[in-house]
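Working notes, beginning with the structure itself.
Labels below follow one simple rule: chain letters A, B, ... track the order of the sequence lines, proteins then strands, and each chain is numbered from 1. These numbers were taken from a predicted model, which means no experiment stands behind them.
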Amino acid sequence: MSQITVTLPDGSERSLQEGSTGIDLATEIGPGLARAALVIEENGEARDLAAPLHDGAKVRILTDRDQDSLEHIRHSTAHVLAQAVLQLFPGATFAGGPPIENGFYYDFELPGGASFSDEDLITIEARMREIIAADQPFERFELPIDEARELMVDHPYKRVFMDLAAAGDDSDNEVGTGSEISFYRNSDTFVDMCRGPHVPSTGRLGHFKLTRHGGAYFRGSEKNPMLQRIYAVAFANKKDLAAFLKQQEEAAKRDHRRLGVELDLFSFPEEIGSGLAVFHPKGGLIRKVMEDYSRAQHEAAGYEFVYSPHITKENLFKTSGHLEWYAEGMYPPMELDREGDQPGTAYYLKPMNCPFHILIYRSRQRSYRDLPLRLFEFGTVYRYEKSGVVHGLTRARGFAQDDAHIFTTPEMMEEEVSGLLDFVLDMLRDYGLDDFYLELSTRPEDKAIGTEEEWDRATEVLRSAASSKDLELVMDPGGGAFYAPKISVQARDAIGRTWQMSTIQVDLMLPQRFDLSYIGADGEKHRPVMIHRALFGSVERFFAVLLEHYAGAFPLWLAPTQAAILPVSTAHDSYARDIAARMRTSGYRVEVIEAAETLGNRIRRAKGEKLPYVLVVGDDDVANNTVGVNARGNDVERDVPLDDFLTRFAQELLERGS
RNA sequence: GCCCCCUUAGCUCAGUCGGCAGAGCGCUUCCAUGGUAAGGAAGAGGUCGUCAGUUCAAUUCUGACAGGGGGCUCCA
């Protein structure tokens, strides 16, 4: 019998009998590896351990220690989920179940249009553990498509995947595009169509948890039937699973909706309506500091401040194209001045500020000497978000954008965009975010005005500016607005989640629709380019991101109350009030919590509010003009001279540090 | 908008297999004047999200609506 040779990752070669498999190779290298092996990579492509190896292949055996094994562990666990559901719910059918970040999901359709309950997840998970305990092997086999259709006769969604694959569309990643359809058999009763590979047997799995269930459209389209999806997380070992669950708990504690209530920052009164927030004094103070700093920075960067109304006659949004392309995101119109049968005038709440700023531009003849003209406004916009998507401050129906529109010549636009990106990133860093990547969103296929050529030109400007920064650039095909492509800045927060923050759009369309012009050095009329940009994105969303990023413990410059002064007893009240008065004259935000309760209790409450500084003053302090300093996250210091503390306080404010 | 779930005191949550409700925290008052994360006592506070229906009787069962949560789609 002839031999084959394979190359291991360290460059060494192994000779094996022809027909040898990954598991044969692992066994030959060592029994420990054979026990730990999950899948094998052959020339970079993952395959089953039971598959025969090819001569000359570069191979790599993946164990549970390899990050690359995770998707196979997750994908294999998804099959166990499918098996459990099909067994527990007779008549159920299944669609797709891919691995995703941290886990996997699987889509089902239950008989009679039923859905899963929370209790079902417990039952299903228990059955999954039985399947895992049974250590069923994953056995691959392949069938021609007509036999495959026969095998999946009860599972119409699987047949849709086959048809798509047969037509060359494997966007769902369910089956390969070869002439045969591959399957995996787990027991006499369960077979799933799948491209594989899988771990050798179900006994290799087990560190998973079913997390949620919910509806999901088949293949992600609203036009398709809604299936029932179960989500799960899965890891290679117990420790990773526990760490992930712990991190979820931490994220839940930071949830801005929860902190908003606990810290008395904002609320969503039912009386006002879904997605419409009010900011309470403490939240309002934070927001004001955020906005004040933003204004100061914009002023320094050459922006001018404008204001515009919340509503407008419909014509403005007809000209801009919003009514044609964005109407479903807008509140319905209100009709004014109706007389008898004569229709009145329709007014709309604005979903964007750009048309208003355009009118400011157009209010007079512009010269190239005026450009770039940078108009800035904290403009409140209203968008009629679908009821299912409203989510705290991050997805509201009314919110303020720190919106600016820069009108510039085509020649200057590239430089303007590049400078803008620096401005944006610097400012985000000032607010405490420093881990970014960029995303470039291109022309939406069937929801865009203008020609492809113009889009290409605008997109190229963004691309070149983005790639000149030393940041990762991710493509988002078709994700642009109807009038322009955009760069968005994605920021990672303190616990690694990413948020879409700033957006920058290069717009060649609206200047045309509004027939904007400027007089060039040649005395002729030219068309300006418009750059739309919002740095916070929405003030509300940015507020929420900072709140979660800092877990409510805002840095000194943003904290609504910067220090609480606690007299040990009533005898020290006036000393405490004197310090407070002195600090207030410097503009510091200070409160005195008098000795109506025990000191321990007052400290506890101040700590609960996550105040940066708690100052305790007693007999010694009154005698020596000192304070006891209990700084957030630090040990208690006694007998700190007041002037020293104030110097330190001022310094920390200046550094805007956290 | 679609699928599922939830809504009881300011907050977090018990509870009533249909007979008009409880706790902890918070709040108010009194006592305690306490040097770094809960001192004690008393008190106030709820037509059980809203509107219908079934019933002798609904906070409890049914439906609609509103608000919220988790998904899908969409998005700043």
Rounded to whole angstrom, note down the [atom1] distance from [N] over to [M].
| N | M | atom1 | result |
| --- | --- | --- | --- |
| B/G63 | B/C27 | C1' | 39 Å |
| B/U7 | B/G43 | C1' | 29 Å |
| B/C13 | B/A52 | P | 30 Å |
| B/C72 | B/G53 | C1' | 33 Å |
| B/G22 | B/A9 | P | 14 Å |
| B/G40 | B/G24 | P | 12 Å |
| B/A23 | B/C48 | C1' | 16 Å |
| B/G15 | B/G46 | C1' | 14 Å |

Could you tell me which nucleotide pairs with [N] by Watson-Crick or G-U wobble geometry, both distances under 3.5 Å, or answer none if nothing does?
| N | result |
| --- | --- |
| B/C61 | B/G53 |
| B/C17 | none |
| B/G10 | B/C25 |
| B/U36 | none |

With sequence neighbours excluded, residues passing side chain to side chain donor-acceptor pair (under 3.5 Å) with [X]:
| X | result |
| --- | --- |
| A/E125 | A/R129 |
| A/D635 | none |
| A/D476 | A/S441 |
| A/N601 | A/E597 |

Scan [X] against the nucleic acid and name what it touches under 4.0 Å (heavy atoms): base, sugar-phosphate only, or nothing.
| X | result |
| --- | --- |
| A/R229 | sugar-phosphate |
| A/G628 | base |
| A/Y231 | sugar-phosphate |
| A/G618 | base |
| A/I603 | base |
| A/R383 | base |
| A/A571 | nothing |
| A/R395 | base |
| A/A606 | nothing |
| A/A534 | nothing |

Euclidean distance, atom [atom1] of residue [X] to atom [atom2] of [N] [Å, nearest integer]:
| X | N | atom1 | atom2 | answer |
| --- | --- | --- | --- | --- |
| A/D573 | B/G35 | CG | P | 15 Å |
| A/I593 | B/G34 | CD1 | P | 19 Å |
| A/I230 | B/G70 | CD1 | P | 19 Å |
| A/E597 | B/C27 | CD | C1' | 11 Å |
| A/F399 | B/C75 | CZ | C1' | 9 Å |

Any [X] side-chain nitrogen or oxygen under 4.0 Å from OP1 or OP2 of [N]:
| X | N | result |
| --- | --- | --- |
| A/R533 | B/A76 | no |
| A/H391 | B/C75 | no |
| A/S387 | B/G1 | yes |

Which listed nucleotide ([options]) is nearest to the side chain of [X]?
| X | options | answer |
| --- | --- | --- |
| A/V389 | B/C74, B/A76, B/U36 | B/C74 |
| A/N601 | B/G39, B/C72, B/G35 | B/G39 |
| A/V636 | B/A76, B/U36, B/A38 | B/U36 |
| A/Q401 | B/G35, B/A76, B/A37 | B/A76 |
| A/A595 | B/G69, B/U33, B/C27 | B/U33 |
| A/R212 | B/G70, B/U33, B/A38 | B/G70 |
| A/K486 | B/A76, B/A38, B/C27 | B/A76 |

Pairs: protein N or O with nucleotides 65-67 of chain B N or O, under 3.5 Å:
{"unit_1": "B/A66", "atom_1": "O2'", "unit_2": "A/E270", "atom_2": "OE2", "d": "3.4"}
{"unit_1": "B/G67", "atom_1": "OP1", "unit_2": "A/S274", "atom_2": "N", "d": "3.4"}

Practice task
By nearest nucleotide on RNA chain B, pick out whichever of A/Y384 and A/L393 is the more 5' one.
Solution key: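 Residue closer to the 5' terminus by nearest nucleotide: A/Y384.
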Exercise for the section: Please tell me which of A/M352 and A/V390 maps to the more 5' nucleotide of RNA chain B, matching each residue to the nucleotide holding its nearest heavy atom. Expected result: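 Upstream on the strand: A/V390.
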Problem - Option from A/W499, A/F543, A/Y431, A/F399 for which ring pair (Phe, Tyr, Trp, His ring centres under 6.0 Å) with A/F536 holds - result: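 For A/F536, the ring pair (Phe, Tyr, Trp, His ring centres under 6.0 Å) check succeeds only for A/Y431.
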Practice task
Begin from the C-alpha positions of A/L611 and A/R632 and carry the test side-chain contact (heavy atoms from CB on, under 4.5 Å) through to its verdict.
Solution key: CA-CA 7 Å; A/L611 302 188; A/R632 189 174 59 202; over 6 Å; no
Exercise for the section: May I ask you to check whether over 12 heavy atoms, not counting those of A/K607, lie within 6.0 Å of atom NZ? Expected result: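 Yes, the 6.0 Å shell around NZ holds more than 12 heavy atoms from other groups.
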Exercise for the section: Any salt bridge (charged side-chain N to carboxylate O under 4.0 Å, His left out) involving residues 536-550 of chain A? Give me the pairs, sequence neighbours left out, ordered by first then second residue. Expected result: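 For residues 536-550 of chain A: A/R287-A/E540, A/R497-A/E548.
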Exercise for the section: Return each pair, listed once, that meets salt bridge (charged side-chain N to carboxylate O under 4.0 Å, His left out) where at least one residue sits in residues 96-117 of chain A; pairs must be two or more places apart or across chains. Expected result: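 Those involving residues 96-117 of chain A are A/D107-A/R229.
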Problem - Base of B/G1 paired with side chain of A/Y217 (donor-acceptor, under 3.5 Å) - result: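 Check passes, donor-acceptor contact within cut-off.
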Problem - Polar side-chain contact A/E385-B/A76 base: donor and acceptor under 3.5 Å - result: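 Counting by modelled atom types and ignoring angles, a donor-acceptor contact under 3.5 Å is found here.
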Problem - ring-ring contact (aromatic ring centres under 6.0 Å, His included) pairs, two or more places apart, involving residues 607-644 of chain A - result: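 ring-ring contact (aromatic ring centres under 6.0 Å, His included) check on residues 607-644 of chain A returns A/Y613-A/F645, A/Y613-A/F649.
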Pair [X]-[Y], side-chain donor/acceptor within less than 3.5 Å:
| X | Y | result |
| --- | --- | --- |
| A/S538 | A/Q401 | no |
| A/T503 | A/Q505 | no |
| A/T442 | A/K486 | no |

Practice task
Any chance you could list the contact pattern along nucleotides 3-10 of chain B? Use B for base contacts, S for sugar-phosphate-only contacts and - for none, protein heavy atoms under 4.0 Å, 5' to 3'.
Solution key: BS------
Handout entry: Centroid separation A/F266 to A/H280 less than 6.0 Å
Key =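 That pair fails the under 6.0 Å test.
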